[in-house]
There are 2 protein chains.
Amino acid sequence: MSKKTASAGADTETRATSEHAPDLRLWLRTLACTNLIENHIRSRLRAEFGITLPRFDLMAQLERSPLGLKMGELSKRMMVTGGNVTGITDQLVAEGLVVREDSPKDRRAYIVKLTPEGRRSFRKMADAHENWIVELYAGMDEKQRNQLYDLLAVVKASASAATTKKK
Amino acid sequence: MSKKTASAGADTETRATSEHAPDLRLWLRTLACTNLIENHIRSRLRAEFGITLPRFDLMAQLERSPLGLKMGELSKRMMVTGGNVTGITDQLVAEGLVVREDSPKDRRAYIVKLTPEGRRSFRKMADAHENWIVELYAGMDEKQRNQLYDLLAVVKASASAATTKKK
DNA sequence: TTTTGATATTTTAGACATGGATATATCTAT
DNA sequence: ATAGATATATCCATGTCTAAAATATCAAAA
């Protein structure tokens, strides 16, 4: 249909609402779910353990890598900038929950590790954290959760391809 | 079953890894997808339009509500705190992209609206933004996107129920 | 060796973001 | 009418977070 008139503005809008809007709605819904869960977790971590979400996340990465991680590794895995990791690590070091060790291989790099106290403290929090997550997904049956998990793998692949190509 | 031994730590860990971990992995994958897309959008908005994601998001809310929105409405829809909205709005007002009008109904409240320039500026950015989103989901077919959209509705309902009950 | 370029981290400046506290206005039930 | 509870928005302290510049190291070529 359509008159292919002179108005570029109208064409763009038509194209957008008829073809693109579904993807946009999908993205906005994804974002809404993530924010809902993330905000809940954030405030419970603060209320019950007096810790911030970024610090918890950094400790979680270290817990999974008992050998420790370089700052750059943390940055990549947490998908945040290096400057950010520096600040969070400084805080955790001051609290005695992690340590910076000099890398034997590379004098530019540090190896960040959990301290014994950090590990002990993290395990307690992680246990509660997992329970909260389970509660949040309790309204889904197993089949739905598995389907979602698989679809998110497709999203990840699709978005990765798009970001590496364009950037 | 189970010996209900003295070690609480061991019991907790077993319970966690055998039963809870799948939900945790689901959540972490969700988070990874969101961060991937969000970081991409954020840097493109900055690079191509010199705007930040929070400001863009606030303008997007106003675009959808031509009558304007109260600060509290913005806070609810963007899922951020009121103090945060105050700051972002201040910035946008300083740039002449939005205005604060006194509410005729309620002298406690402001009505925030896009200025004509704000609307013009937003439409250009929104058009590009939608194209980026389409690119990011290009690796999924329509059936997958619809399935995902529906599953996310279930997630949202599940998480909403959990957060309102516990909080 | 010295230069060159890539890598690893920190530093800096500015913008977000939360939670709590405050100030003001409105509503409700007497 | 009026006290008490609620609602609206702002201010403040603290803590991320990014982008860009600065610092230091490494690795390899000229």
Side-chain angles (χ1 to χ4, degrees), chain A residues 31 34-36 38-59 68-95 97-98 100-112 167, chain B residues 31 34-35 38-59 68-95 97-112 167:
Chain A
L31 197 53
T34 300
N35 285 336
L36 190 58
E38 195 169 71
N39 287 341
H40 180 72
I41 296 296
R42 184 197 314 281
S43 62
R44 277 188 97 161
L45 277 176
R46 177 179 296 262
E48 302 187 20
F49 297 106
I51 198 176
T52 63
L53 184 52
R55 288 182 212 182
F56 177 82
D57 286 341
L58 195 152
M59 291 176 78
L69 288 171
K70 292 192 296 183
M71 300 294 280
E73 283 286 350
L74 280 168
S75 166
K76 216 169 300 171
R77 299 195 190 196
M78 298 174 70
M79 298 210 241
V80 297
T81 57
N84 189 3
V85 172
T86 297
I88 300 171
T89 303
D90 287 346
Q91 294 279 350
L92 289 171
V93 168
E95 297 176 37
L97 299 173
V98 310
R100 263 190 258 240
E101 294 178 359
D102 290 335
S103 167
K105 306 275 196 179
D106 188 338
R107 269 186 306 176
R108 293 169 300 180
Y110 293 116
I111 307 290
V112 186
K167 224 23 197 336
Chain B
L31 198 52
T34 300
N35 285 336
E38 195 168 73
N39 286 340
H40 180 72
I41 296 295
R42 184 197 314 283
S43 62
R44 275 188 99 160
L45 277 177
R46 178 178 294 260
E48 302 186 21
F49 297 106
I51 198 178
T52 63
L53 185 52
R55 288 182 211 181
F56 177 83
D57 286 342
L58 195 152
M59 291 176 79
L69 289 171
K70 293 191 295 184
M71 299 295 278
E73 285 284 355
L74 280 168
S75 166
K76 215 170 298 170
R77 298 194 190 198
M78 300 174 68
M79 299 210 238
V80 296
T81 58
N84 190 1
V85 173
T86 298
I88 300 172
T89 302
D90 287 347
Q91 294 280 350
L92 288 171
V93 167
E95 297 176 39
L97 298 173
V98 310
V99 283
R100 261 188 262 240
E101 294 178 0
D102 291 335
S103 167
K105 304 274 194 179
D106 188 337
R107 269 185 307 175
R108 294 169 298 182
Y110 291 118
I111 306 291
V112 185
K167 214 42 194 328

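Lettering follows sequence order; numbering is per chain, from 1.
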Heavy-atom check, side chain of A:Ile51 versus side chain of A:Met59, under 4.5 Å: yes
Roughly, in whole Å, what's the span from CG in B:Leu74 to P in C:dC16? 14 Å
Has the side chain of B:Ser43 got a donor or acceptor atom that lies under 3.5 Å from a matching backbone atom of B:Asn39? yes
Would you say that B:Ile111 contacts B:Arg100 through its side chain, given a criterion of any heavy-atom pair below 4.5 Å between the two side chains? no
B:Glu101 has an atom CD; how far is it from atom C1' of D:dA9, in whole Å? 17 Å
DNA chain D: A:Arg107 or A:Gly87, which has the more 5' nearest nucleotide? A:Gly87
Contact list for DNA chain C against residues 47-58 of chain A - heavy-atom distance below 4.0 Å: none
List for me each residue that meets salt bridge (Lys or Arg N to Asp or Glu O under 4.0 Å) alongside A:Asp106, sequence neighbours excluded, and say none if there are none. A:Arg108
Would a 4.5 Å heavy-atom cut-off, applied to side chains only, mark A:Thr52 and A:Arg46 as touching? yes
Measure from CZ on B:Arg42 to C1' on D:dA20 and round the result to the nearest Å. 16 Å
Heavy atoms only, 4.0 Å cut-off, all strands: where does A:Met78 land among base, sugar-phosphate and nothing? nothing
Quick one: does any side-chain atom of B:Ser103 pair with a main-chain N or O of B:Tyr110 as donor and acceptor, under 3.5 Å? no
side-chain contact (heavy atoms from CB on, under 4.5 Å), paired with B:Ile88, selected from B:Asp90, B:Asn84, B:Val85: B:Asn84
Among C:dG19, D:dC17, C:dA15, find the nucleotide with the atom closest to the side chain of A:Arg46. C:dG19
Any idea which of C:dA17, C:dG19, D:dA19 is nearest the B:Ile88 side chain? C:dA17
Between A:Asn84 and D:dT18, does any side-chain N or O lie under 4.0 Å from OP1 or OP2? yes
Could you list, one pair per line, each protein nitrogen or oxygen that sits under 3.5 Å from a nitrogen or oxygen of nucleotides 3-10 of chain C, together with the distance?
unit_1, atom_1, unit_2, atom_2, d
C:dT7, O2, A:Arg108, NH1, 2.3
C:dT9, OP1, A:Met71, N, 3.2
C:dT9, OP1, A:Tyr110, N, 3.4
C:dT9, OP2, A:Gly72, N, 2.5
C:dT10, OP1, A:Arg100, NH1, 2.6
C:dT10, OP2, A:Thr86, OG1, 2.8

Checking side-chain contact (heavy atoms from CB on, under 4.5 Å) against B:Leu92, which of B:Leu97, B:Val112, B:Val99 comes through? B:Leu97
Would you mind reading off the distance between A:Lys105 atom NZ and D:dA24 atom P, rounded to a whole angstrom? 25 Å
How many whole angstroms separate atom CE of B:Met79 from atom P of C:dC16? 19 Å
Write down the distance between CD1 (B:Ile41) and P (D:dT18), rounded to a whole number of angstrom. 15 Å
Length of the CD-P vector between A:Gln91 and D:dA13, whole Å: 17 Å
Is A:Arg77 close to A:Leu69 at the side-chain level, that is, under 4.5 Å between some pair of heavy atoms? yes
Roughly, in whole Å, what's the span from CG in B:Leu45 to P in D:dT18? 15 Å
